[in-house]
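Data block below; observations after.
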Protein chains: 2
Amino acid sequence: MRKTKPVSHATLRRLPQYLHLLRQRLEQGAVRVSCSDIGRELQLDPTQVRKDLEVTGSPGRPRIGFSVPDLVEAIEEFLGWNRVNEAFLAGVGHLGTALLNYSRLRNYGVHIVAAFDTDPAKIGTELGGRQVLPLERITGLAGRMHVRIGIIAVPAEEAQRVADMMVAGGIQAIWNFAPVSLQVPKRIIVQNEELYYSLAALSRKLAANRKQSLKIGGATHHGTDAVTTTGRGQRAGQV
Amino acid sequence: MRKTKPVSHATLRRLPQYLHLLRQRLEQGAVRVSCSDIGRELQLDPTQVRKDLEVTGSPGRPRIGFSVPDLVEAIEEFLGWNRVNEAFLAGVGHLGTALLNYSRLRNYGVHIVAAFDTDPAKIGTELGGRQVLPLERITGLAGRMHVRIGIIAVPAEEAQRVADMMVAGGIQAIWNFAPVSLQVPKRIIVQNEELYYSLAALSRKLAANRKQSLKIGGATHHGTDAVTTTGRGQRAGQV
DNA sequence: TAGATTGTTAATCGATTAACAATC
DNA sequence: TAGATTGTTAATCGATTAACAATC
């Protein structure tokens with residue numbers, strides 16, 4: 001069994017980019033799209049695009065290209081974004097509140113249906129249309145509502161405890177914003193969201209620039225060939 | 001000229017992980033560390049670790065290993081995190097406020113020295129010890145204070161305008177949290193922070209799990225071999 | 001039909017892993 | 001000294017790119 005073909009990390013990173021673009025095209029009424037078209041827009045090799053799209057199973061037609069609506073649907077299906085997953089949010093500090101108000105999340109397969117916190121001042125209030133509930137209830141409600149995703153936006157010290165409560169409630173995947181390595185059973189999917197790397201890439205380039213300017217001469221020189229990259233993967237800033 | 005050796009994307013992604021671990025060790029008083037030691041902790045091949053550390057130029061000694069303080073310093077130096085870069089933050093909504101209060105940022109080479117917004121209700125208030133200033137002043141102040149990093153945490157519609165103002169002020173690198181592709185001169189370093197990919201990885205695994213449970217039988221089955229991954233790169237959840 | 005684009009196989013490139021001599 | 005660990009070169013693996021026949 002287990003024929004889930006191994007999708008490369010790199011492909012998985014690019015699929016959301018394709019989807020993003022294709023959704024725009026769809027809105028503009030586009031019907032067909034070719035790989036070279038996508039590649040041009042995203043600075044990617046057309047063959048690469050074709051290979052990536054292959055995993056979605058949506059067939060293209062020689063000379064014609066791919067159907068935009070079909071492709072959008074196929075990618076959404078592949079990523080599991082066609083059916084929105086319900087999520088619980090733990091922690092409604094600034095970050096948690098930001099996530100609650102980020103309605104776009106729904107386009108990426110996640111819908112926060114309830115928020116939890118320990119702060120009595122916050123409990124009972126409404127944020128972004130959702131009630132804030134006492135954290136203690138997260139386990140029971142997750143089980144009852146069959147919620148599959150838990151988002152952790154609490155301070156580092158509380159993160160492990162919250163993760164335990166989520167797991168106890170049957171939550172299957174945790175999106176973790178706390179800067180700690182969570183200890184959970186192996187079957188649980190954990191996605192750590194770290195700002196580390198972005199900052200590493202950014203300041204590394206900045207440092208390299210500076211070193212170069214010094215080398216070139218005393219005068220201030222703003223660098224000359226810096227690049228635009230996305231959080232992961234690279235895509236040039238472009239028209 | 002231009003001997004800045006090409007550091008692989010992958011290496012750059014792992015260096016912050018090493019640094020994080022080594023800082024902990026340093027705090028615990030550790031003096032020496034070996035690549036196998038680091039590898040064990042981070043689930044990485046020791047040779048890989050050695051190769052990565054090579055770029056920092058910090059030498060190890062056969063049989064002995066690497067000096068922890070030296071290595072910490074070398075990585076910080078390499079990433080440009082030894083000298084903290086001053087940054088301006090545009091937009092003090094929930095996300096912006098979260099960033100302002102995230103004091104840990106300073107460990108990653110970034111120190112927000114001022115925040116800007118257009119909302120008169122916010123201007124003049126103090127957030128996380130920093131005054132909120134009118135957005136219009138960002139260009140002038142950036143030039144005057146020689147601030148090199150701009151953080152964009154404004155709504156998508158305003159992002160481009162803010163980027164223009166930052167560039168006009170001589171800002172060299174933009175950390176962009178708005179979901180738009182910024183148009184800036186090539187010399188400007190842009191780091192887009194996207195949640196896309198994290199969610200793609202998460203829900204893809206969730207969808208794969210579900211498909212498998214269905215295949216295995218009608219009964220609810222929580223999946224069996226899900227993995228823990230970090231935002232980018234992989235590291236197992238671990239002791 | 002002619003020509004563009006897909007689907008697919010082969011070649012290249014780069015990153016990871018293995019092997020091993022040098023050395024503290 | 002003996003043995004662990006570095007530094008470095010070679011082998012493997014996987015992902016990207018090129019080539020090209022099939023086809024609409």
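Letters go in sequence order (proteins before strands), and every chain restarts at 1.
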Sequence-aligned protein contact record of nucleotides 16-24 of chain C, with B where the base is within under 4.0 Å of a protein heavy atom and S where only the sugar-phosphate is: SBB----BB
Distance from A/S34 atom OG to A/R50 atom CZ, nearest 0.5 Å? 8.5 Å
Rounded to whole Å, please give me the gap between CD in B/E54 and P in D/dT6. 12 Å
From CZ of B/R32 across to C1' of D/dT6 the rounded distance in Å is 13 Å
Would you say the ring centers of A/Y197 and B/H9 fall short of 6.0 Å from each other? yes
In whole angstroms, the gap separating P of D/dT5 from CG of B/L53 amounts to 15 Å
With no hydrogens and no angle check, just 3.5 Å: does a side-chain donor-acceptor pair link A/Q172 and A/R187? no
Can you tell me which residue among A/Y102, A/W175, A/W81 is in a ring-ring contact (aromatic ring centres under 6.0 Å, His included) with A/Y108? A/W81
Is the closest side-chain donor-acceptor distance between B/D70 and B/S58 under 3.5 Å? no
Going from CG on A/L44 to NZ on A/K51, what distance comes out if it is rounded to the nearest 0.5 angstrom? 14.5 Å
Which dot-bracket string fits DNA chain C when only Watson-Crick or G-U wobble pairs with both atom distances under 3.5 Å count, crossing pairs get [ ], and | stands for a partner on a different strand? ..||||||||||||||||||||||
Taking the side chain of B/C35 as heavy atoms from C-beta outward, which of D/dT6, D/dT8, C/dG7 is closest to it? D/dT6
Are A/R161 and A/D164 close enough for a salt bridge, meaning some N to O gap below 4.0 Å? no
Answer with base, sugar-phosphate or nothing: what part of the nucleic acid does A/P59 contact at a heavy-atom distance below 4.0 Å? sugar-phosphate
What is the distance, to the nearest angstrom, from the CG atom on A/L71 to the P atom on C/dT6? 10 Å
Sidechain N-carboxylate O distance under 4.0 Å for A/R25, A/D37: yes
